[in-house]
Amino acid sequence: MNRPFDVTAVEEKWQARWLDEGTYEVDNDDPRERYYALTMYPYPSGTAHQGHVRNYVFGDLVVRYQTMLGKAVLSPYGFDSFGLPAENAAIKAGSHPRLYTEARMHELKTSVRRLGAVYDWRREVYSHDPEFMKWSQMIFLAFLKNGLAYRAEAQVNWCPGCMTVLANEQVLADGTCERSGDLVVRRFLEQWYFKITDYAEELLDSLGPLEWPERVKTMQRNWIGRSEGVEFDLPLAYDATKALRVFTTRPDTGFGVTYAVVAPEHPLLSMLTTDDERARVEEIVLRASNTTEIDRTSSSSEGIGLEKRGAFTGSFVINPFTKEKVPVYVADYVLGNYGTGAIMAVPGEDERDFEFATVHALPIVRTVQPPTGFVGNAYSGDGEHVNSGFLNGLDVANAKTKATEFLGANANGVSKVNYRLRDWLVSRQRFWGCPIPVVYCDDDGIVPVPEDQLPVLAPDDVIMDKTGQSPLATHSGFLNTTCPICGKPARRETDTMDTFTDSSWYYLRFTDPFTPGMAFDPVEAAKWLPVDQYIGGIEHAILHLLYVRFYLKALDDIGFSPGLPREPFQRLFTQGMIRLSGSKMSKSKGNLIAPEEYYETVGADGLRLFHLFAGAPGDDLDWTDQTNEVVEGCGRFIDRFYRLWHFYDVNFHDVADETDHSVRQATHRTIARVTNDLNRWSYNTAVAAIMELYNTVSKVARSDEGIERSTLNEALDTLAMLLAPMTPHVTAELWEERYPDRASVHALPWPVADQTLVAEAAVIMVVEVNGKVKSRLSVAPTINEADATAAALADPDVAAVLKGATPTRVIARPPRMVNIII
RNA sequence: GCCCGGAUGGCGGAAUUGGCAGACGCGGAGGCCUCAAAAGCCUUUACUCGAGAGGGUGUGUGGGUUCGAGUCCCACUCCGGGCACCA
């Protein structure tokens with residue numbers, strides 16, 4: 001592009017100045033109103049791509065805009081620097097993950113600075129910083145001490161590609177690993193867990209008041225999965241002193257229970273299984289524990305048929321409603337770790353039970369009358385109860401109440417709320433993460449590493465081949481230690497923590513990384529929290545945003561950070577994803593679209609303006625062949641503004657006239673529009689409003705009649721201020737050029753619209769006849785109904801259509817339109 | 001299967017409470033400047049009938065409410081995302 005100024009020189013000059021002068025550093029004792037603007041700290045995967053760019057452009061606009069609104073804005077930056085890709089890359093390159101990661105961090109930082117995004121770099125944090133690790137480990141130990149971290153053997157998700165276990169949240173719906181795409185298998189392992197389930201209720205209830213996108217809240221609600229029901233006993237037919245405990249949300253359908261099912265992992269399964277059935281039952285159990293998640297969860301139509309997925313145990317239980325004997329089956333469609341791991345099966349009202357009953361020839365009884373014309377098998381809607389003894393005639397809600405009372409009196413029934421959410425598995429069998437700071441001693445058991453020995457750091461000379469075992473376990477120098485209590489030889493924990501533990505508290509560290517001996521001073525943190533605006537990708541809707549909420553609540557409860565709110569992020573904005581000609585952007589596809597080439601052509605300002613202008617911030621953005629032309633168009637707009645600022649082709653006149661007045665009105669209406677748009681995350685329309693004002697002013701200034709000098713200056717100054725958070729370099733440069741003795745444009749207060757000028761501008765009123773537009777009149781915005789009607793009827797164009805006919809009705813909505821019905 | 005979004009010119013997208021559909025930009029067409037080009041500037045650009053004045057049609061499809069619907073209601077189609085044996 002042929003630019004009227006040296007874009008690179010100007011941008012580098014201002015980037016250096018903001019950095020050197022600490023323009024966007026903010027102290028904790030700043031007296032101004034506080035504003036915490038946070039973009040999700042990135043995983044350092046290399047140079048920035050357009051996804052980063054879009055994120056930081058939005059974030060930087062918030063920082064600069066809020067600063068101009070007079071606030072002390074906390075704008076920190078850091079890196080989510082632990083994680084598998086670095087470890088895998090290091091294995092491949094025969095290097096160390098730290099070297100690899102720090103090189104990537106440097107690249108990303110350079111890229112972000114070149115974008116003109118401003119941060120308080122004194123507050124930079126990164127997960128693998130030993131000082132940060134120390135506090136990550138302290139938090140772990142605090143959780144351990146307070147019963148929020150525990151060790152348990154359970155069936156876990158094992159990813160053969162990543163050679164490590166995964167949290168439930170990291171396994172996709174099709175049973176593959178969200179990172180490597182490998183099929184996840186199930187293994188029994190002893191692992192560390194965080195007790196996030198203790199917070200299920202609060203995590204659900206406190207979502208309500210958060211100013212988050214509704215769909216993110218919905219995703220979290222679904223993930224937590226609250227369900228109300230009843231837990232009760234099904235006594236064994238041959239021994240009424242023993243019982244199978246089940247959970248149901250539909251106690252009202254109890255008369256339709258024709259069998260019961262236990263999960264393959266159920267502790268009573270072996271006792272329930274008779275010798276005749278044992279072989280078939282064991283086949284089910286074996287299959288459930290050895291196969292991949294995808295096989296187990298695949299529907300009956302594909303994969304393995306239902307008849308092979310369940311078997312009769314040989315035992316019977318008594319249905320407390322009918323007092324009849326019903327068979328107990330084992331089937332993998334019942335999960336061992338939800339509810340009681342056993343269910344009452346009601347094929348008449350539950351689709352899964354219906355399918356299973358059909359395949360295994362079990363009786364099906366309808367207990368709720370479906371509406372006439374109902375097609376389908378199981379009916380789960382509302383209706384009158386039938387075949388249900390004392391529940392007959394009741395609707396579902398009333399029958400539930402009555403059935404619950406009955407179970408309470410006859411089957412040890414209790415109302416119960418269950419959650420789908422499971423405890424957070426935090427152990428990872430990998431090297432490049434924060435070591436779990438405990439020691440195993442034969443005499444003293446699990447012993448926390450004493451605080452004065454933290455952080456526990458991994459040695460550098462660890463072999464990181466993929467054996468499926470923690471790399472740290474192969475390093476005898478690390479593994480072998482002494483027990484902090486008895487001094488006898490002991491073994492270190494060799495697993496590291498899930499990297500989501502780092503991102504669960506990094507924003508707290510940002511508020512105060514300065515106070516020695518503390519992760520952060522809660523008093524300082526309390527001044528900044530909750531985060532006023534959090535910005536990031538929708539892909540973190542569940543994982544990160546659920547864990548981080550749990551952490552803050554837990555830290556408060558164990559007294560780690562007294563005085564903080566219990567929710568970290570008051571407002572959340574999730575930007576759309578960038579696609580390349582329709583496909584998802586990813587490193588493996590090599591379609592990341594580096595910003596560097598754009599820095600050289602349209603500059604950071606041009607690229608920033610493009611991201612703000614091209615579509616609503618929350619919508620996905622498709623990067624196509626045409627996109628480059630739009631980016632260039634944004635660069636051209638900056639050039640046009642630059643020329644007008646230098647009065648290129650402008651004609652002046654001396655005394656302000658009506659045209660000047662209308663320019664002033666446009667200027668102030670634009671201030672009002674842009675301010676409103678910025679507050680409602682409508683950046684694309686804010687840019688459009690700015691372009692419109694430019695077009696208006698440019699047209700008048702370049703007409704033969706010309707423009708009055710102060711009118712033009714007011715419009716230009718306003719444009720510079722409105723553009724300042726969007727295109728910070730060029731506006732700073734132009735401002736300094738014209739006003740070398742004044743404060744920088746970025747230090748100015750945000751312009752305020754003169755309401756008189758905004759209000760008095762004439763508006764166009766539409767006159768319709770029978771709903772069709774026949775004329776347009778320029779009227780005062782304050783015009784009343786009678787005057788609007790009179791003006792409409794007096795209009796010659798309207799009269800020509802009416803041809804003397806008398807209107808049957810006139811609808812006036814001043815000042816927008818009048819509709820005459822004839 | 002369930003739950004959320006979305007569908008508007010050649011393209012990206014505007015239209016905040018039911019009131020001028022297509023703001024703003026990209027692309028296209030024509031012109032000015034120039035020896036020529038680039039850059040810049042001006043005009044034009046939903047479709048359609050018409051020489052013109054002017055008329056008709058038009059926001060995924062089909063209905064409805066209303067003086068008036070891109071916007072509200074009902075039914076459906078397609079696209080995107082999330083969840084999916086959670087009893």
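Numbers restart at 1 for each chain; the letters A, B, ... are given by sequence-line order, proteins then strands. This structure is a prediction, so every number in the text was calculated from the model and none was measured.
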key: Options B:rA87, B:rA39, B:rA84, nucleotide nearest the side-chain atoms of A:R643   = B:rA39

request  = Select base, sugar-phosphate, or nothing to describe what A:K772 touches, counting heavy atoms under 4.0 Å on all strands.
outcome  = sugar-phosphate

ask   = Closer than 4.0 Å, any side-chain N/O of A:Y648 to the OP1 or OP2 of B:rG40?
value = no

A:Y547 ring center near A:W223 ring center (under 6.0 Å) = no

ask   = What string of B, S and - do you get for nucleotides 12-25 of chain B 5' to 3' if you count protein non-hydrogen atoms under 4.0 Å?
value = BSSSB--BB--BBS

B:rU77 pairs with, by Watson-Crick or G-U criteria that keep both distances under 3.5 Å = B:rA7

ask   = Does A:R3 reach the main-chain N or O of A:V602 with its side chain, forming a donor-acceptor pair under 3.5 Å?
value = yes

request  = Write down the partner of B:rC2 under the Watson-Crick or G-U wobble criteria, each distance required to be under 3.5 Å.
outcome  = B:rG82

ask   = NA contact type, A:R702, heavy-atom cut-off 4.0 Å: base, sugar-phosphate, or nothing?
value = nothing

request  = Could you list the residues that satisfy ring pair (Phe, Tyr, Trp, His ring centres under 6.0 Å) with A:F637, not counting sequence neighbours?
outcome  = A:Y694

key: Centroid separation A:Y329 to A:F356 less than 6.0 Å   = yes

inquiry  = Need the pair for B:rU71. Rule: Watson-Crick or G-U wobble, both distances under 3.5 Å, any strand; none if unpaired.
reply    = none

query = At under 4.0 Å between heavy atoms, what does A:K416 touch on the DNA or RNA strands: base, sugar-phosphate, or nothing?
reply = nothing

